[in-house]
Amino acid sequence: MKTLEKVNYKGFILPLIIGIALWCYTPLRPAGLSVQAWEMFAVFVATIIGCITKPLPIGGTTLLGLIVTVLAGLAPIKDEVNPKTGVVTSGILSAFSNSASWLIAMAFIMAYGISKTGLGNRIAYWMIRRFGKRSIGIGYAITVLELILGALIPSNSARTGGVVWPVTESISKDYDSLPNDLSRKKIGAYLSFTAFHANILSTALFITGAAPNMVASQMASQKGYTMTWIGWFTAAIVPVLIATAVIPIVIYKIFPPEVKETPNAKKWADDRLQKMGAITKPEKIMSIVFLLAIILWVLSGIFDIPQLDSTFIAFLAVGLLLLTGVLTMKDALNQTGAWNILIWLSILVFMASKLISFGFIDWFSKTIQSGLHGISWGIVLAILIVLMFYTHYFFASGTAHMTALYLPFLSVAVATGTPLALAAMLLAFTGAINASTTHYANGPASILATTGYIKQGEWWKYNFVLGIIYLVIFGGIGTIWMKMIGMW
């Protein structure tokens, strides 16, 4: 007998209460803000809270938010043109023409090729064989592996859960370092913690490193700033490389492994490479197609060629993988993560655009600006970055956090005189590094903090220290670097 799917109905309680309260209690609506702007704000806040309480997966929650937007008369189904003014009102169907959503959806499908062909595991074993003589060497190998996978796999959870964590767990157990056991500190705890922070760095290095980056990209475009693949990479490369050199050794000092020398790691990697055999034809094609995509993404940021649109490049890469038989159409259709992100990212960006068109964001930035009158933009930006970082303690989703705060914070920064490019990139980077807060900060945190190798208290304590290091590297050195290369 068929049964109904489980729905977390309790998860609806908080978003409904807050959404209805904002909508109905009119004294809360500030003077100078239109009724439509306030109602859109109420729907938006309820949707974001729903993304946190998760009555449904994020795709389902945002879809319900979109339905309420239409039922409330805040958006039509399709674009409408006012016959008197000629002004176009965007309908909800236009949400799904969002290029960033399609880019990351195609990138998810490309990433499946990395897994299907075995290329991701081969790269992992190569890295361990090269750097695996000492435990700190394995830590650096995992970090470099993550940086490579950051360009190949657009989901930070998929990188950790699909490639890095299985490799980390296998090495740990080979040294008899077991979870939920005194032996966890032999090497497993160090490698697991290093793997998590390697994921943060790979997320920060690429615009396609994780979904929140694409949210930031789309929100920044609402303020007139365009983030390209090469532009993001260029801004991130120096702070990420410095953090790559620093973070593994800091973890080695504050959370040291008991096993220092790991001579068996090279043999472990050699054995697995031997089992894999020679590099296969699908792996070769996958490598060529992805290198081609990277080259074209770089060129798209240098030359203004319409055909080199970054989203089209992702479509082209997927087309080549289908044409060569590396992937099948069934493979593409089975990537539920790709289609899920296409739905929720498109909807959240659309709802944010409505907040702009109704004047909410403009009102918010002007209100904050008046309260910060006389304070230099540098101090304002520093405050906003710190707030963006530490408010992540209240969020279990990087996407929800970026959607809720990125655009308002960016608007405030620009309104107080901060250079647009600097504010846009630093706030975007903060959305990546603020995962170094809690065990529920993002998908990789949820995976690695529950393996049994790291206690929750250790996670919070050591991450607090590393969080300060991230803020100094990205906020300080990152700012200087972007000045040096002329971004502001």
Side-chain angles (χ1 to χ4, degrees), residues 98-111 114 144 146-156 159 200-244 286-318 320 345 402 406 410 419-433 473-474 477-488:
N98 181 278
S99 62
S101 303
W102 282 102
L103 167 60
I104 201 164
M106 291 301 103
F108 263 80
I109 296 171
M110 291 166 63
I114 305 295
V144 175
E146 260 285 359
L147 294 181
I148 294 171
L149 294 177
L152 304 175
I153 302 175
S155 167
N156 53 354
R159 292 196 299 274
I200 291 175
L201 295 175
S202 67
T203 298
L205 184 57
F206 302 101
I207 193 171
T208 52
N213 296 1
M214 299 307 295
V215 172
S217 169
Q218 286 301 290
M219 297 299 178
S221 68
Q222 305 280 356
K223 296 297 294 182
Y225 182 70
T226 301
M227 293 180 183
T228 63
W229 192 95
I230 189 62
W232 180 296
F233 180 82
T234 303
I237 185 66
V238 166
V240 167
L241 286 180
I242 291 172
T244 297
M286 185 71 239
S287 301
I288 292 169
V289 170
F290 209 95
L291 285 173
L292 174 64
I294 295 293
I295 292 168
L296 291 177
W297 275 331
V298 170
L299 292 176
S300 71
I302 299 174
F303 302 105
D304 186 20
I305 303 174
Q307 288 81 358
L308 286 184
D309 177 84
S310 57
T311 303
F312 171 74
I313 293 167
F315 274 106
L316 174 63
V318 171
L320 289 173
L345 181 55
M402 291 296 277
Y406 181 84
L410 179 60
L420 175 59
L422 177 64
M425 293 310 305
L426 285 184
L427 288 171
F429 291 153
T430 306
I433 63 175
I473 292 174
F474 282 86
I477 297 173
T479 298
I480 296 170
W481 168 243
M482 283 188 277
K483 181 68 173 178
M484 290 173 63
I485 59 177
M487 289 190 69
W488 64 280

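Atoms considered below: every heavy atom in the structure, side chains included; atoms not considered: hydrogens, waters and symmetry mates.
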Reported [atom1]-to-[atom2] distance for the pair [X] and [Y], which is rounded to 0.5 angstrom:
| X | Y | atom1 | atom2 | value |
| --- | --- | --- | --- | --- |
| Phe474 | Met425 | CZ | CE | 10.0 Å |
| Phe290 | Leu320 | CZ | CG | 13.0 Å |
| Ile230 | Thr228 | CD1 | OG1 | 7.0 Å |
| Leu316 | Leu292 | CG | CG | 6.5 Å |
| Leu201 | Ile473 | CG | CD1 | 8.0 Å |

For [X], side chain to side chain contact (heavy atoms under 4.5 Å, CB included) partners two or more places apart:
| X | value |
| --- | --- |
| Ile485 | Thr234, Trp481, Met487 |
| Val144 | Met127, Ile148 |
| Ser287 | Leu119 |
| Ile477 | Val238, Ile242 |

_Determine whether Leu420 and Leu410 satisfy the following criterion, side chain to side chain contact (heavy atoms under 4.5 Å, CB included), listing intermediate values before the conclusion._
CA-CA 8 Å; Leu420 175 59; Leu410 179 60; 4.1 Å; yes

Test log, rule side chain to side chain contact (heavy atoms under 4.5 Å, CB included), inputs Val240 and Leu147 = CA-CA 9 Å; Val240 167; Leu147 294 181; 4.0 Å; yes

What pairs of donor and acceptor atoms, side-chain ones from residues 203-217 against any protein atom, are under 3.5 angstrom apart with sequence neighbours left out?
from, atom 1, to, atom 2, distance (Å)
Thr203, OG1, Arg159, NH2, 3.0
Thr203, OG1, Asn199, O, 2.8
Asn213, ND2, Thr203, O, 2.8
Asn213, ND2, Phe206, O, 2.8

Looking at [X] and [Y], what are the two nearest heavy atoms and their distance?
| X | Y | answer |
| --- | --- | --- |
| Trp488 | Thr479 | NE1-O, 3.2 Å |
| Met110 | Met286 | O-CE, 3.6 Å |
| Ala428 | Met402 | CA-CE, 4.0 Å |

Residue set satisfying ring pair (Phe, Tyr, Trp, His ring centres under 6.0 Å) with Tyr406, at least two apart, ordered chain then number -> none

- [ ] Assert yes or no for the condition that the ring centre distance of Phe429 to Trp232 is strictly below 6.0 Å.
- [x]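 Ring centres of Trp232 and Phe429 closer than 6.0 Å.
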
